[in-house]
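All remarks here apply to the structure that follows.
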Amino acid sequence: MYELNDYQLRQRDYLLRVSQAINAQLDLAAVLGLVVEYAVELVAGNYGLIALFEAPDDELRIAVAYNITPDQYAAFEPLLETLAGPEATREQSVRELRRVTEQLQLPLRQMVGLPLLIRGRPIGMIVVFRAAVNVAFTVADQALIEAFASQAAIAVQNAQLYRAALQEQQRLNAIIEQSADGVMILDRRWRITSFNRAMEHLTGWPREEALGRPCAEVVGIHNEQDLNVCLTNCPLQRLPRVPNPTAEGKIITRDGRERYVSSRYSPTYGPDDEFLGAIANVRDITARKLEEQQQATFVSVISHELKTPVAIIKGYAGTLRRSDAEWDQATLRDGLGIIEEEADRLNELIGNLLDVSRLQAGGLRLHFGPVDLPALAARVIQGIAATANDQFEFQLRFPPSFPPVRADEERIRMVLANLLSNAVKYSPQGGIVRLGGWTEGDDALIYVSDQGVGIAPEDQPRVFERFYRVDNTLGRQTQGAGLGLYLARAIVEVHGGQLRVESQPGRGSRFIFTLPLERRSLALDRDFASDSSQEED
Ligand code: ADP
């Protein structure tokens with residue numbers, strides 16, 4: 001019977017403990033460090049190294065060494081190549097070993113090298129050297145190292161796989177984190193286990209607080225009836241299952257804002273078809289939703305706005321041409337006057353609509369020239385005053401000898417007419433409507449003020465949006481398509497100016513815009529001319 005001597009028994013015991021220690025490690029560098037150190041100790045060696053075949057060229061490179069410094073690695077390369085080569089003879093190996101010994105002045109007298117094999121395929125090599133000449137590596141040493149090498153190979157491969165999985169996970173995390181869309185991962189109980197930056201931005205929930213909560217709480221999608229579908233009809237719980245579950249609707253952010261989102265889910269199911277979790281891709285579709293809503297409002301507002309004057313015109317025209325009635329001159333004049341007014345209104349609306357589409361297509365052409373603002377303002381005020389009731393007082397406030405502005409007169413007339421007609425429309429009790437201006441540097445500042453209903457602070461920036469109308473009783477009673485201020489601002493801006501509003505609800509509003517004075521463009525022309533030395537005002 002083959003008996004193990006004491007030394008061999010101790011070695012066996014050692015091997016077992018070492019293998020356990022190595023297999024408990026998942027960090028590749030730590031595993032390799034342990035393997036080489038234990039291997040050297042196991043056979044009472046003095047130096048050791050592990051080389052691994054490395055992607056992409058599958059070259060054998062030293063990954064870790066014992067008692068050999070990295071600057072000495074290169075000297076071992078020919079030796080390793082020989083050892084790994086298919087037909088390495090003992091003589092060749094000994095020759096290469098001697099070369100290393102001489103080159104590095106290291107006492108490498110004996111060597112045992114073994115491949116690290118995984119299912120017969122080499123993943124690398126472990127080599128141990130001894131400095132002593134008298135104690136040769138025995139067959140038992142060789143067998144021991146072989147047993148150890150196969151254990152070590154498994155540990156190394158585990159660590160490699162773990163590292164690859166970790167890297168892949170880090171890569172995925174980075175992709176998810178950088179994604180412009182919101183991405184969250186849900187567990188089997190629909191709780192959030194991952195929540196990227198875009199999600200934080202979209203929902204206003206900080207990641208630390210969102211993690212662990214049910215998704216219906218953080219990203220509860222509400223339908224048109226304001227029901228949280230994530231609670232009442234969760235797309236991930238619907239039966240029969242749909243291939244690509246989605247949900248679309250409104251969410252309320254942590255800070256109380258409303259956003260529209262479209263959420264797509266990629267669920268995973270277990271062997272018994274049980275739900276294991278899902279990745280949700282959440283996209284902010286607020287802009288698209290608002291656009292759709294605006295288009296719907298646009299169609300209804302425009303058709304209403306077009307229908308009303310047409311109905312009035314048709315009614316009056318029908319009445320006036322009745323063959324069975326005789327109308328006196330005054331009635332005829334009044335009736336025709338109303339027909340004319342309504343036709344003007346239609347004309348203005350159509351003009352506005354055309355301008356909006358030209359603006360969108362970038363085809364709004366302007367004819368610039370010097371414009372006498374006070375004179376233009378007086379004409380516009382006269383027109384408006386003629387149609388307003390006597391609860392209004394119109395005031396014109398320009399300093400004498402107001403310098404001309406550089407503008408497209410017809411467009412600026414439209415801006416003034418829009419602002420003045422709004423001042424009248426949104427002042428149900430009448431009051432003073434003032435149109436005036438002053439100069440500041442090379443700019444003219446023009447304002448239209450009223451004592452009407454005013455505009456709430458949150459609506460002030462929005463009144464300049466296309467089709468936006470403040471939703472209140474007066475708004476519903478007065479006609480308008482929500483285009484006037486949008487156009488007015490666009491026109492002022494193409495002149496290089498700005499239009500803004502100051503308002504106190506219940507007290508009135510003041511719209512102010514700037515236009516460049518003619519002298520600014522003259523000064524510019526002069527600067528471009530060759531003799532620009534003389535300054536004149
Ligand atoms: P419209 O008057 O056709 O509705 P506008 O673009 O001219 O469209 O104005 C947008 C909205 O801004 C109006 O519906 C109204 O609610 C508000 N608004 C405009 N001017 C005034 C004003 N002078 N006073 C109060 N609200 C105003």
Side-chain angles (χ1 to χ4, degrees), residues 290 293-309 341-342 344-357 359-360 377 380-381 383-385 387-389 391-395 411-436 446-493 498-513:
L290 286 180
Q293 279 173 359
Q294 281 191 346
Q295 291 300 340
T297 323
F298 171 68
V299 173
S300 65
V301 167
I302 293 300
S303 53
H304 172 257
E305 288 292 293
L306 288 173
K307 272 187 188 154
T308 320
E341 239 171 57
E342 293 300 314
D344 282 347
R345 213 151 72 106
L346 266 182
N347 202 20
E348 187 143 323
L349 179 67
I350 292 168
N352 275 352
L353 284 175
L354 283 177
D355 278 349
V356 168
S357 64
L359 261 180
Q360 279 170 333
V380 183
I381 270 219
I384 296 281
T387 55
N389 62 36
Q391 286 179 301
F392 285 97
E393 183 189 331
F394 292 92
Q395 297 180 347
R411 299 289 172 196
I412 295 306
R413 191 198 64 75
M414 256 182 66
V415 172
L416 293 176
N418 264 323
L419 295 180
L420 283 168
S421 83
N422 277 352
V424 171
K425 266 200 314 195
Y426 301 107
S427 302
Q429 321 289 333
I432 297 173
V433 172
R434 194 173 288 152
L435 168 52
I446 305 107
Y447 65 89
V448 173
S449 67
D450 63 53
Q451 298 175 326
V453 292
I455 304 167
E458 65 272 19
D459 284 318
Q460 289 177 16
R462 300 209 59 194
V463 293
F464 298 101
E465 288 173 16
R466 214 162 27 125
F467 311 131
Y468 188 81
R469 307 197 69 215
V470 177
D471 189 16
N472 52 25
T473 356
L474 180 62
R476 283 189 290 273
Q477 282 163 4
T478 49
Q479 288 179 330
L483 290 176
L485 288 179
Y486 168 75
L487 275 173
R489 176 173 268 183
I491 289 169
V492 167
E493 284 175 356
Q498 283 169 344
L499 168 62
R500 61 188 162 86
V501 64
E502 295 165 352
S503 181
Q504 274 187 14
R507 307 275 308 264
S509 315
R510 184 160 88 134
F511 286 85
I512 306 167
F513 65 96

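Both counts, for ligands and for their atoms, begin at 1 and track the order of listing.
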Atoms of ligand 1, numbered as shown, that sit under 4.0 Å from any heavy atom of [X]:
X: L485; answer: 5 (P), 6 (O), 7 (O), 9 (O), 12 (O), 19 (C)
X: Y468; answer: 10 (C), 11 (C)
X: L483; answer: 6 (O), 8 (O)
X: V470; answer: 14 (O), 16 (O)
X: K425; answer: 1 (P), 2 (O), 3 (O)

Can a non-hydrogen atom of [X] be found less than 4.0 Å from any atom of ligand 1?
X: F464; result: no
X: G482; result: yes
X: N418; result: no

Q. Do side-chain atoms of D450 reach the backbone of G508 as a donor and acceptor pair under 3.5 angstrom?
A.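 No.
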Q. By salt bridge (Lys or Arg N to Asp or Glu O under 4.0 Å), which residues pair with E465, not counting sequence neighbours?
A. R462
Q: Could you tell me whether the side chain of Q460 reaches within less than 4.5 Å of the side chain of S503, counting heavy atoms only?
A: yes
Q) Between F394 and L435, is any pair of side-chain heavy atoms under 4.5 Å apart? A)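 The answer is no, as the side chains (C-beta and beyond) never meet within the 4.5 Å cut-off.
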(Q) Please report whether ligand 1 has a polar contact with V453, defined as an N or O pair separated by less than 3.5 Å (distance criterion only). (A)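 Such a contact does not occur with ligand 1.
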Q: Closest by any non-hydrogen atom to atom 27 (C) of ligand 1: pick that one out of F511, Y426, Y486.
A: Y426
Q: From atom 4 (O) of ligand 1, work out which of R489, R469, R510 has a heavy atom at the shortest distance.
A: R469
